[in-house]
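Reading through the structure tokens given below for one structure.
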Amino acid sequence: QVQLVESGGGLVQAGGSLRLSCAASGRTSSPYAIGWFRQIPGKEREYVAAIGWGADMSYYADSVKGRFTIFRDNAKNTVVLQMNSLKLEDTAVYYCAARLGYYSSDSFSNYDYWGQGTQVTVSS
């Protein structure tokens, strides 16, 4: 199993930046991919970005491309989502999720392990 803990959420003004971290523990000696998803109450969980085991295997939803960057430090078992130029519509609870193996996915159903979530609120 892989345990995940997110941190770094908070309140920020539109146009500002936040950095979310996802710390993994447990079965981290095996390759695993990480996805970031977000959810607003009453809506389905939405894919944001993902990264495979290799640092160059990063992918983004169109809504965040060019504003968000995902990267990982396998030595520290940490994946970071750097969020710049934040918009009001980025407000949500952000979750990181893990799936064992080299490749990520943009579907939340393909992830086996989830963090508890961290709130991101963007104000005008």
Side-chain angles (χ1 to χ4, degrees):
Q1 289 205 350
V2 178
Q3 292 81 44
L4 303 170
V5 177
E6 301 102 334
S7 60
L11 175 64
V12 64
Q13 284 193 320
S17 299
L18 278 177
R19 175 174 285 207
L20 304 184
S21 293
C22 176
S25 61
R27 193 178 167 181
T28 56
S29 58
S30 299
Y32 61 94
I34 293 288
W36 282 96
F37 295 82
R38 62 190 182 188
Q39 190 167 25
I40 301 170
K43 289 198 170 184
E44 194 170 86
R45 203 160 288 193
E46 177 192 21
Y47 165 73
V48 175
I51 188 165
W53 182 245
D56 58 344
M57 300 164 67
S58 57
Y59 308 94
Y60 302 91
D62 288 342
S63 59
V64 306
K65 203 170 291 184
R67 300 188 297 121
F68 291 12
T69 303
I70 186 171
F71 57 92
R72 67 187 299 161
D73 184 339
N74 288 341
K76 296 182 179 179
N77 294 314
T78 299
V79 172
V80 170
L81 184 68
Q82 176 67 42
M83 306 188 296
N84 298 330
S85 303
L86 283 161
K87 303 177 180 180
L88 297 179
E89 52 264 41
D90 293 320
T91 295
V93 177
Y94 283 70
Y95 298 90
C96 69
R99 64 190 302 256
L100 297 178
Y102 288 91
Y103 304 106
S104 63
S105 169
D106 60 2
S107 173
F108 68 83
S109 62
N110 288 334
Y111 289 83
D112 301 307
Y113 308 103
W114 290 83
Q116 81 287 354
T118 185
Q119 176 70 47
V120 170
T121 303
V122 183
S123 65
S124 58

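The side chain to side chain donor-acceptor pair (under 3.5 Å) search around Ser21 returns none, not counting sequence neighbours.
Remark: Cys22 SG to Leu4 CG distance equals 4.5 Å, nearest 0.5 Å. With rounding to the nearest 0.5 Å, the separation of OG1 in Thr69 from CZ in Arg19 is 9.5 Å.
When side chains are defined from C-beta on, Asp106 does not count as touching Tyr59, because their heavy atoms never get closer than 4.5 Å. In this structure, the side chains of Asn110 and Tyr103 stay at 4.5 Å or more apart for every pair of heavy atoms.
Ion pairing between a basic and an acidic side chain is recognised when a charged N comes within 4.0 Å of a carboxylate O; Lys65 and Asp62 show such pairing.
Residues Val93 and Gln119 come closest through the heavy atom pair CG2-OE1, 3.2 Å.
The backbone N or O of Leu88 sits less than 3.5 Å from a side-chain atom of Thr91, completing a donor-acceptor pair.
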Show the numbers, then the answer: is there a side chain to side chain donor-acceptor pair (under 3.5 Å) between Arg99 and Tyr111?
CA-CA 5 Å; Arg99 64 190 302 256; Tyr111 289 83; 5.5 Å; no
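The hydrophobic clustering, which links ILVMFWY residues whose side-chain heavy atoms are closer than 4.5 Å, places Val80 and Ile70 apart.
Seen from the ring of Tyr60, Arg67 does not count as a face-on cation partner, given the 6.0 Å and 45° thresholds.
At most 12 non-hydrogen atoms from other residues, nucleotides or ligands lie less than 6.0 angstrom from CD of Glu44. Within 6.0 Å of the CZ atom in Phe71, the count of heavy atoms belonging to other residues, nucleotides or ligands exceeds 12. Atom CD of Gln1 has 12 or fewer neighbouring heavy atoms from other residues, nucleotides or ligands inside a 6.0 Å radius.
Using cut-offs of 30° and 60° for the angle between ring planes, the Phe108 and Phe37 rings count as perpendicular. Using bins of under 30°, 30° to 60° and over 60° for the plane-to-plane angle, the ring pair Tyr95/Trp114 lands in the perpendicular bin.
In the hydrophobic clustering, Ile40 connects to no other residue, as no ILVMFWY side-chain heavy atoms lie under 4.5 Å from its own.
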